[in-house]
Amino acid sequence: MRCVVANWKMNLRSGEAQAFCEDLLLRLPEGGSAEVGIAPPFTLLSLVSGLVRPRGLQVFGQNAHAEDKGAFTGEVSMPQLRDVGCSGVLLGHSERRQFFGETDAGLIKKIKAAWQWDLLPLLCIGESLAERDSGATLDVLGRQLSILAETGPGPLWVAYEPVWAIGTGRRAEAPQVQEAHAFIRAELIRHGACTDYEVPILYGGSVTPESFPELLGIPEVAGGLVGGASLDPHKFGELIKQAG
Ligand code: PEP
């Protein structure tokens with residue numbers, strides 16, 4: 001299964017989102033088999049769900065709180081994501097870890113809460129440049145994945161996103177991606193998160209239509225989590241076509 005997911009981050013207003021979706025829907029390949037998702041900001045979830053879900057696209061929240069409800073000003077819960085048409089949620093994006101104090105312990109609760117509400121977690125992991133330069137990449141990925149020993153198995157997508165490749169235009173080289181994805185697959189199996197190949201592992205970090213075909217040819221790369229290029233319906237449509 002191939003998967004392409006757009007992470008819009010804190011971009012677009014309603015008029016722009018509507019225009020994007022209308023344009024993208026015209027570009028969807030006939031008979032395409034890739035799973036396509038869009039993760040808009042919370043304010044656009046209802047609008048985007050209404051436009052794209054009838055065409056089989058999935059909608060993801062970019063984050064959610066682990067509690068169902070309560071006194072958590074500024075937060076949004078898993079049931080609230082479901083309520084506006086989400087089928088999944090990004091969890092552990094490096095920008096959440098870096099700027100908003102997301103921790104591995106907190107992610108255990110969030111993954112369990114997502115499952116409780118029948119939302120598919122898209123768990124994002126990846127090393128910083130300092131960690132790569134010091135040879136710690138696989139240790140970091142191993143630590144970030146070790147939370148799966150606590151959550152137990154369940155429906156999951158994983159995105160390998162080297163932090164230094166996100167939004168920088170500097171994509172990881174094929175051997176780096178191959179090594180990381182093979183390691184992630186082995187860890188998923190070791191933790192019992194998957195016994196076969198049912199957990200797709202996406203690559204994220206400056207993916208463009210120019211680089212995606214090479215990435216898709218790397219073993220264990222099931223698709224892409226795309227930031228910058230996903231804000232352009234022409235480029236995102238190309239990525240969907242390339243995924244097949
Ligand atoms: C991301 O934020 O998940 C991402 C991959 O961004 P970009 O494609 O812009 O590097």
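Everything quoted here is computed from the prediction, not taken from an experiment. Atoms within a ligand are numbered from 1 in the order they appear, just like the ligands themselves.
- Considering only residues two or more places apart in sequence or on other chains, Y203 meets the side-chain hydrogen bond (donor to acceptor under 3.5 Å, both in side chains) condition with none of them.
- Every pair passing salt bridge (charged side-chain N to carboxylate O under 4.0 Å, His left out) that includes a residue from residues 128-138 is listed here, sequence neighbours excluded: E127-R132.
- Side chain to side chain, E22 and Q18 meet the donor-acceptor criterion of an N or O pair below 3.5 Å.
- Annotation for F100: hydrophobic cluster partners, listed by chain and number, are F99 (ILVMFWY side-chain heavy atoms under 4.5 Å, direct or chained).
- Between the SG atom in C86 and the CG atom in D118 there is a gap of 12.5 Å [rounded to 0.5 Å].
- E214 approaches A174 most closely through the heavy-atom pair OE2-CB, 3.5 Å.
- Ligand 1 lies under 4.0 Å from heavy atoms of N7, K9, H93, E161, A165, I166, G167, G204, G205, S206, L225, V226, G227, G228.
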